[in-house]
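Chain naming here is simple, since letters A, B, ... match the order of the sequence lines and numbering starts at 1 in each. Below, each value reflects all heavy atoms present in this structure, side chains not excepted, and no hydrogens, waters or symmetry copies.
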Amino acid sequence: MRIPDNFDPASAEEKWYKTWEENGYFHADENDGREPFSIVIPPPNVTGSLHMGHALNNTIQDIIARWQRMMGKSVLWMPGMDHAGIATQNVVERLLREEGKSREELGREEFEKRVWEWKEHSGGQIKGQLRRLGSSLDWERERFTLDEGLSKAVQKVFKTLYDEGLIYKGFRIINWCPRCETALSDIETEYRELDGSFWHIRYRIAGTDEYIVVATTRPETMLGDTGVAVNPDDERYSHLVGKKVILPLVEREIPVFADSYVDREFGTGLVKVTPAHDPNDYEMGKRNGLEEINIMDTRGFINENGGVYRGLDRFAARKKIVEDLDKGGYLVKVEKHTHSVGHCYRCQTVIEPYLSSQWFVKIKPLAEEAIKSVEDGRIRFVPKNWEKTYYEWMYNIRDWCISRQLWWGHRIPAYYCDECGEMHVELDAPSKCSKCGSAKIRQEEDVLDTWFSSGLWPFSTMGWPENTAALQKYYPTSVLVTGFDIIFFWVARMIMMGLKFMDDIPFRDVYIHALVRDEHGHKMSKSRGNVVDPLIMMDKYGTDAFRFTLAVFAAQGRDVVFSEKRLEGYRSFTNKIWNSTKFILMNLPEDFKPEQLEPSRLEVFDRWILHRLNITVERVSLALEEYRFNDAANELYDFYWHEFCDWYIELTKQRLYSKDNSQAESSETARQVLYHVLSQSLKMMHPFMPYVTEEIWEGIKNSDEHLMVSSWPKKDSLYVFEKEASETETFKEIVYKIRNVRGEMNVPPDKKASVVFKTGSEDIAALIKREEVHIIALGRLSGITVDPAYVPDKSDASAVMSELEIYLPLKGLIDLGMEKSRLEKEITKAGSDLEKVEVKLSNESFTSKAPAEVIEKETKKRDELAAIVEKLKESLNKLAEL
RNA sequence: GGGCGAUUAGCUCAGCUGGUUAGAGUGCCUGCUUGACGUGCAGGAGGUCACUGGUUCGACUCCAGUAUCGCCCACCA
């Protein structure tokens, strides 16, 4: 048994990932007869590389997957990536631009080829990063949202929904991105408050010299105005209803009409109506029979309907129109106005409401069951408060625009006959029109929203629409791990689609984790330029430390601000684990064999640490079950470092180094306990820090089994030792008191004092005598005596516990003034605690209403504190006599 | 306008269903070549738990309000 002097993360990471994979540990076997546990990865977009959010997301999933595997489950963690329609198309277009090309020049087929090449590149990079992170994904099952099988699933879903009337084609106002030249769904529009202007414009009433004033934030849209609306109850303008006004610049006569949508208080109470470029105006136009005039092309330039402004970009047109209005005397005033403006979530271009023909999913019928599945607890959000967000959106859900005017995506399986215009929705392209028999068939140019295919992810990846063994065993999945930013985009859609097509929920739990934010609380994103690269962190600190830090940060219900300082601290932890193992191994013989530890062999500290180990097993397991990753990680950290290393290992040194032959059995027991606690700890730490733990395991294991596939520790009922645990706490307090006095008094370590213990308690006296060696070693003493009748010397430094007084005769070694102020400080501290307790106990309503056990506890505390204060005062008085 | 969350040590953060001496990492101070580790060991300083009320015998913890910050949704002619 041996490990190298130093841990080298880079080589261990490469070696172990390869070994695990080659041994097939990542692969899920449908036929293994074990209880299934499944997770599907939120498929990363093939747009580049992974960021901190991905690192957190996948670390959590890997912790769960590794833990469940060690729990003996048949674990499937399904890998894959998302084609990410707009986002990926944009990336490739940018690359083309750098080459001086455009996608139009390439043509659709060639362009798609280029995107596939990019997909290979980006996908490869992402896979490399996931591997580096240690993700135990079943790579044999890797899927892509645009691969053949998933395309089949998409077509099947589309056709089914279409046949049932849940997908329809409609001519409507949608959100249009003039840069991406595609429609977007409502949730793909991000609203931002912008400072703009509110232009007040004068319209002449036809046939008169009177004017009205309308106000607008988008003056360019007046080119498409076909009416002016007033509130039907607005007396100021009721005489105008039915009249016509002259649209300035355009010189078109348009009607004034009444519509209750208009808010009398806002602006001038008169609304210019542009049915083709505003959703509300569109509705009003429909209600009042207005003409719809589209004035823009797909890139946001004014089209032939815009007269002299034709060819101008929408913002240039706005500027020019305002100038012309001003020149023509139509501009009454300009106010400052802030309003929220929709932006494309992929390219941040200002969205244009745009009238066009698109495909929609009629979503309400699907939403109903999806709401129910959360209400009745079949699906559970963790933390629970996200359910409210989910309901809020689902109750107010609007039809989903699923068509995109892109080249990268699932082409909509609709076919048009060029002869008779008939539309066919089919799984396979029809060779001729079923209505007129023509062979002139053309497929719909539009592709589907990326989220349409990712919404099928939990079952499409398992082979649906075939009824595969994987689906039977692993669907529904056990848990979905994701960020709250895609609850609407993805989680809700998967729930709806899963219920509709699998007739079952897609996952039991939805664990919503924190978003990794920058120091200003902003999302880390490439466009903001505030990203921390996970690869750099892994290079610098090792993957294990990085993962452990993320786990510690993963507290529920709160976002995290990433801190490299904390990462540094947890790297030290991996170092600590390594070095402590080195110590243990150098104390084990060549032929060391782990044995079952009979309780009768165990000494008090052995019992204590095994008891603590039991508690840690329980706490870590419970925390993992409840998705409290930070608690689990902290529990392991505290146990391993501050109990096992700081105390138990230190305590074994006296036993291990003893030259006394009668101590041989005691040291052998210590060796067994050290090995046992180490190996059990490694198991529990493995899901968090897979590499360093497996590397250590390689050096200490006594079988061929790798740590990754070993079994998760269970509480051992043989090792429940309450009494020894509490005795050890007393022991620790004794040592702590001695160290405290030495430290406070600046007693140099080479000045070894002898300590006198004065106690009336036989238990404590026995404890001290029995653990004499350890007290001497840990307190750095020359010797100890127990003397119930000890009369302290005036120059003794002292410390007080509830049933014990500790005296350090430091004649000549200490500064009496220092000791005096130290005692005063102690008295103040204990005194104020005592006072608090006394106030409480003298309060009659407390003693009459508080539960008995609380009163008992407080009473005991008061007695102890009182005794301590008393003793401290005595010591101080003696000092004063000098 | 509606909703959610945050405010705890210099910094980054934990503290579950009310009773703890309010913790961790990091930073700071003191001492340490203690036969695993200075990425370490021992000791220490540092907090009116944002503010104001309320409920309660008892509030960092529950309730209401205020302030500041952040996020989501809706509307904005």
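A distance of about 40 Å separates the C1' atoms of B:G15 and B:U33, rounded to the whole Å. Comparing the P positions of B:C16 and B:U7 gives an interatomic distance of 11 Å, to the nearest angstrom. Going from the P atom of B:G3 to that of B:U66 covers 13 Å, rounded to whole Å. Across the C1' atoms, B:U8 and B:A42 are found 28 Å apart, a figure rounded to whole Å. For the P atoms, the distance from B:G46 to B:G54 is 31 Å, rounded to whole Å. Here the separation of B:C29 from B:G10, taken at their P atoms, is 16 Å to the nearest Å. Taking atom C1' on both B:G43 and B:A50, the two are 33 Å apart, rounded to the nearest angstrom. Spacing between B:G40 and B:G25 at atom P, rounded to whole Å, works out to 10 Å.
A:K576 comes within 4.0 angstrom of a nucleotide base, judged by non-hydrogen atoms across all strands. Backbone-only engagement by A:R398 is indicated by non-hydrogen atom pairs under 4.0 Å involving sugar-phosphate atoms exclusively. The residue A:W641 sits close only to the backbone: its heavy atoms come under 4.0 Å of sugar-phosphate atoms, none of a base. Within the nucleic acid shown, A:V273 has no heavy atom closer than 4.0 Å to any nucleic acid atom. A:Y541 comes within 4.0 angstrom of nothing in the nucleic acid, heavy atoms only.
Listed for the A:H343 side chain is a donor-acceptor partner under 3.5 Å among the backbone atoms of A:V341. Between the side chain of A:R318 and the backbone N or O of A:R218 there is no donor-acceptor pair closer than 3.5 Å.
Regarding contacts with the backbone of B:A36, a side-chain N or O of A:Y657 is found under 4.0 angstrom from either OP1 or OP2. Regarding contacts with the backbone of B:C41, every side-chain N or O of A:R780 stays at 4.0 angstrom or more from both OP1 and OP2.
The listed nucleotides are B:C37, B:A42, B:G43; the one nearest the side chain of A:N740 is B:G43.
Closest-nucleotide positions on RNA chain B for A:D631 and A:N843 were compared, and the one nearer the 5' end corresponds to A:D631. Residues A:I187 and A:R264 both approach RNA chain B. Their nearest nucleotides, taken by heavy-atom distance, put A:I187 toward the 5′ side.
Residues A:N579 and A:K582 have side chains that bring a donor and an acceptor to within less than 3.5 angstrom of each other. Under 3.5 Å, the side chains of A:T549 and A:Y541 contain no donor-acceptor pair of N or O atoms. Side-chain contact, A:H642 with A:D646: a donor N or O sits under 3.5 Å from an acceptor N or O.
Checked against A:F381 for a ring pair (Phe, Tyr, Trp, His ring centres under 6.0 Å), the options A:Y627, A:Y390, A:Y391, A:F484 give a single hit: A:Y390. Between A:S798 and the choices A:I806, A:L808, A:V741, A:L823, the side-chain contact (heavy atoms from CB on, under 4.5 Å) rule is met once, by A:L823.
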List, one per line, each side-chain donor-acceptor pair under 3.5 Å for residues 259-279 of chain A, sequence neighbours excluded.
residue, atom, partner, partner atom, Å
A:D259, OD1, A:Y261, N, 2.9
A:D259, OD1, A:R287, NH2, 3.1
A:D259, OD2, A:R287, NE, 3.0
A:D259, OD2, A:R287, NH2, 3.4
A:D259, OD2, A:N288, ND2, 3.1
A:Y261, OH, A:N280, ND2, 3.1
A:D263, OD1, A:E265, N, 2.9
A:R264, NH1, A:D233, O, 3.1
A:T268, OG1, A:V213, O, 2.6
A:T268, OG1, A:L270, N, 3.4
A:K272, NZ, A:T221, OG1, 2.6
A:K272, NZ, A:D225, OD1, 3.2
A:K272, NZ, A:T274, OG1, 3.3
A:T274, OG1, A:D225, OD1, 2.6
A:H277, NE2, A:N294, OD1, 3.4
A:H277, NE2, A:I295, N, 3.0
A:D278, OD1, A:N280, N, 2.8
A:D278, OD1, A:D281, N, 3.0

Side-chain donor/acceptor pairs under 3.5 Å, residues 843-855 of chain A, sequence neighbours excluded:
residue, atom, partner, partner atom, Å
A:N843, OD1, A:S845, N, 3.0
A:N843, OD1, A:S845, OG, 2.7
A:T847, OG1, A:N843, O, 3.4
A:T847, OG1, A:E844, O, 2.9
A:S848, OG, A:E844, O, 3.0
A:S848, OG, A:S845, O, 3.3

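A salt bridge links A:E729 to A:K732: at least one charged side-chain nitrogen sits closer than 4.0 Å to a carboxylate oxygen. Using a 4.0 Å cut-off between charged nitrogen and carboxylate oxygen, A:E819 and A:R822 count as a salt-bridge pair.
Of the residues in residues 215-226 of chain A, those lying under 4.0 Å from RNA chain B by heavy-atom distance are A:A215, A:T216, A:T217.
With the 3.5 Å cutoff on both pairing distances, Watson-Crick and G-U pairs in RNA chain B assemble into runs of at least 3 at B:1-7 with B:67-73, B:10-13 with B:23-26, B:28-32 with B:40-44, B:50-54 with B:62-66.
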Item to complete: Using a 4.0 Å cut-off on protein heavy atoms (strictly under), produce a 5'-to-3' string for nucleotides 18-27 of chain B with B for base contact, S for backbone-only sugar-phosphate contact, and - for none.
Response: -BSS--BBS-
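A centroid separation of 6.0 Å or more is found between the aromatic rings of A:F688 and A:Y570. Aromatic ring centres of A:Y345 and A:F489 lie closer together than 6.0 Å.
Using cut-offs of 30° and 60° on the angle between ring planes, the pair A:F731 and A:H774 is perpendicular. Relative orientation of the A:W641 and A:Y637 rings is tilted, given thresholds of 30° and 60° on the angle between their planes.
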Identify all pairs in which a protein N or O lies below 3.5 Å from an N or O of nucleotides 4-8 of chain B, and state each distance.
residue, atom, partner, partner atom, Å
B:C4, OP1, A:K388, NZ, 3.2
B:A6, O3', A:R558, NH1, 3.2
B:U7, OP1, A:R558, NH1, 3.0

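Residue side chain A:E650 reaches the base of B:A36 through a donor-acceptor N/O pair under 3.5 Å, judged by distance alone.
The CD1 atom of A:I486 sits 14 Å away from the P atom of B:C72 (whole-angstrom rounding).
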